[in-house]
Amino acid sequence: MNILTLTPSDDVEQAINSLKGPATVYLKNGVYKQKTEIRADNVTIIGESRENTVITFDDYAKKIHADGKEYNTFRTYTLCISGNGVRLENLTVENSNTDPANVGQCVALSVHGRLFSAENVNLVSTQDTLFLSPFPDDLVIRYRNFIPANQLYREGTSLHLFKNCKISGTVDFIFGCSEAYFYNCEIVSLKDSRGTGFIAAPAHPLAEAFGFNFIDCALIADGAGENEVYLARPWRDFGKCTFINCRADKHINPELFDKWNDTARDKTARFAHFGLGGSPVGWARALGEAEANSIIARCKAKFKEIKV
């Protein structure tokens, strides 16, 4: 087992990607203003302090890249995880842009590895804070030779786990296609000049049976107004998303879910809820207690499996 300690003056990407075999990397307190991709497998990255170990950068979708093209959503990340079996603990990952209405999307964390976990981690941005691959099939084709191949295409299924994390954003700030579990997390909706916010934007293919699952999470308003935020809207037709035993502030719209603009995705999206009030849209399914408990049991089994 390799053990490495880094400070803000070190090149985190170079240091971690040079490691061979399983490793634990400790980050000392400080601000790491570094755009970083972790390509190494089986690495655990532990911050000295959740609030004071901060990896930050400020790219945004409308910024012009060195190749002469706009960055686009998927090149704006602060931290990109393309290795398998990577774990984050006790730190903050931030995209410091705060004006998505003018500059476009700004990703804090982009996860492309097959197995990823985070505990006691803050993820901070506005629009599109957290991306969980794989990409929708149509984007794999569209972004060939634009997004690096190790990020764009991932054969097989992906599992991403978040425990006791705080994820902040405004629009579609948890999006993608993996099987993912958010357990006992704070999901924080910030103020957005456009008025309406959306927590999750799942784009799962029909073959993905489990999708995004939010269990025992606190849905918190930090600037978002009353009834301004929907739990989720389907980024692609078969997006799958479940909220179970979550506690919500008054910013959550009583309809709970949105079908995505003028689409017909209300006919195909797989959205479900248990333990939330309001007057949910009819096309979102209310889970029975037994089915909700089955999802909770799968969540706990996955966390136990990788010792989160």
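Just so it is clear, the values below take in all heavy atoms, side chains as well, and ignore hydrogens, waters and symmetry mates.
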[X] side chain to [Y] backbone, donor-acceptor under 3.5 Å:
X      : Y      : value
Ser279 : Pro254 : no
Asn42  : Ala23  : no
Lys300 : Lys304 : no
Thr53  : Glu48  : yes
Asp249 : Ala221 : yes
Gln34  : Val12  : yes
Thr78  : Glu94  : yes
Glu228 : Gly225 : yes
Ser133 : Val111 : yes
Glu208 : Phe238 : no

At their closest point, which heavy atom of [X] faces which heavy atom of [Y], and how far apart are they?
X      : Y      : result
Leu91  : Gly47  : CD2-N, 4.0 Å
Leu231 : Leu219 : CD2-CD1, 3.5 Å
Pro8   : Lys28  : CD-O, 4.5 Å
Ala203 : Trp235 : CB-CE3, 3.2 Å
Val107 : Thr76  : N-OG1, 2.9 Å
Arg270 : Pro205 : NH2-O, 3.0 Å

Practice task
Go through Arg247 and Glu186 one step at a time and tell me if the salt bridge (charged side-chain N to carboxylate O under 4.0 Å, His left out) criterion holds.
Solution key: CA-CA 10 Å; Arg247 308 170 301 284; Glu186 293 183 348; over 6 Å; no
Looking at [Y] and [X], is any side-chain nitrogen of the basic one under 4.0 Å from a carboxylate oxygen of the acidic one?
X      : Y      : result
Arg50  : Glu89  : no
Asp67  : Arg75  : yes
Lys267 : Asp237 : no
Glu291 : Arg285 : yes
Lys191 : Asp222 : no

Exercise for the section: Please report the C-alpha distance between Phe243 and His273 in whole Å, then the side-chain angles of each, then the deciding distance to 0.1 Å, and finally whether the ring pair (Phe, Tyr, Trp, His ring centres under 6.0 Å) criterion is met. Expected result: CA-CA 5 Å; Phe243 287 78; His273 55 93; 9.5 Å; no
Between [Y] and [X], is there a side-chain donor-acceptor contact under 3.5 Å, judged purely by atom types and distance?
X      : Y      : result
Asp216 : Asn184 : no
Asn122 : Glu51  : yes
Asn95  : Ser125 : no
Asp192 : Thr170 : yes
Arg114 : Ser158 : no

Practice task
Step through the shown structure and confirm whether more than 12 heavy atoms of other residues, nucleotides or ligands are within 6.0 Å of CG on Asp137.
Solution key: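 Result for CG/Asp137: open.
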Practice task
Check whether more than 12 heavy atoms from other residues, nucleotides or ligands sit under 6.0 Å from atom CG of Asn145, and answer yes or no.
Solution key: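 No - once you tally the heavy atoms of other residues, nucleotides and ligands closer than 6.0 Å, there are 12 at most.
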With ring centroids as reference points, do [X] and [Y] lie under 6.0 angstrom apart?
X      : Y      : value
Phe131 : His112 : yes
His204 : Phe210 : no
Phe198 : Phe173 : no
Tyr183 : Phe214 : no
Phe271 : Trp283 : yes
Tyr230 : Phe257 : no
Tyr143 : Phe74  : yes

Practice task
Applying side-chain contact (heavy atoms from CB on, under 4.5 Å), run through Phe57 and Leu79 and close with a yes or a no.
Solution key: CA-CA 9 Å; Phe57 213 74; Leu79 178 61; over 6 Å; no
Handout entry: NZ or CZ of Lys35 within 45° of Tyr77 ring axis and under 6.0 Å
Key =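 Yes - Lys35 lies over the ring of Tyr77, closer than 6.0 Å to its centre and within 45° of its axis.
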Exercise for the section: Any chance you could lay out the side-chain contact (heavy atoms from CB on, under 4.5 Å) test for Ile55 and Val31, step after step, and finish with the verdict? Expected result: CA-CA 6 Å; Ile55 304 172; Val31 176; over 6 Å; no
Gap separating the [atom1] atom of [X] from the [atom2] atom of [Y], nearest 0.5 angstrom:
X      : Y      : atom1 : atom2 : answer
Trp260 : Asp266 : CH2   : CG    : 14.5 Å
Thr196 : Arg233 : OG1   : CZ    : 9.0 Å
Cys177 : His160 : SG    : NE2   : 10.5 Å
Arg39  : Leu19  : CZ    : CG    : 12.0 Å

Handout entry: Leu27/Val25 under side-chain contact (heavy atoms from CB on, under 4.5 Å): CA gap, chis, key distance, verdict
Key = CA-CA 7 Å; Leu27 301 183; Val25 178; 4.1 Å; yes
If Ile, Leu, Val, Met, Phe, Trp and Tyr residues are connected whenever their side-chain heavy atoms lie under 4.5 Å apart, and connections chain through other members, are [X] and [Y] in the same group?
X      : Y      : value
Ile81  : Leu4   : yes
Val171 : Leu132 : no
Ile215 : Leu161 : yes
Tyr153 : Ile147 : yes
Phe182 : Leu276 : yes

Exercise for the section: May I ask you to test the Lys240-Pro202 pair for a side-chain heavy-atom distance under 4.5 Å? Expected result: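 In short, these two side chains do not touch, never coming nearer than 4.5 Å.
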Practice task
Answer yes or no: is there a side-chain heavy-atom contact under 4.5 Å between Ile199 and Ser189?
Solution key: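 The answer is yes; the side chains approach within 4.5 Å.
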Exercise for the section: May I have the step-by-step check of side-chain hydrogen bond (donor to acceptor under 3.5 Å, both in side chains) for Asn17 and Glu37, ending in yes or no? Expected result: CA-CA 9 Å; Asn17 290 333; Glu37 181 184 3; over 6 Å; no
Handout entry: Option from Thr36, Val121, Asn90, Leu88 for which side chain to side chain contact (heavy atoms under 4.5 Å, CB included) with Ile45 holds
Key =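 The residue from Thr36, Val121, Asn90, Leu88 that satisfies side chain to side chain contact (heavy atoms under 4.5 Å, CB included) with Ile45 turns out to be Leu88.
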Practice task
Please assess Asp58 against Ser96 for the test side-chain hydrogen bond (donor to acceptor under 3.5 Å, both in side chains), listing each intermediate value before the final yes or no.
Solution key: CA-CA 5 Å; Asp58 55 4; Ser96 61; 4.6 Å; no
Exercise for the section: Report the C-alpha separation of Cys299 and Asn213 in whole Å, then their side-chain angles, then the decisive distance to 0.1 Å, and conclude whether the side-chain contact (heavy atoms from CB on, under 4.5 Å) test is met. Expected result: CA-CA 8 Å; Cys299 168; Asn213 302 276; over 6 Å; no
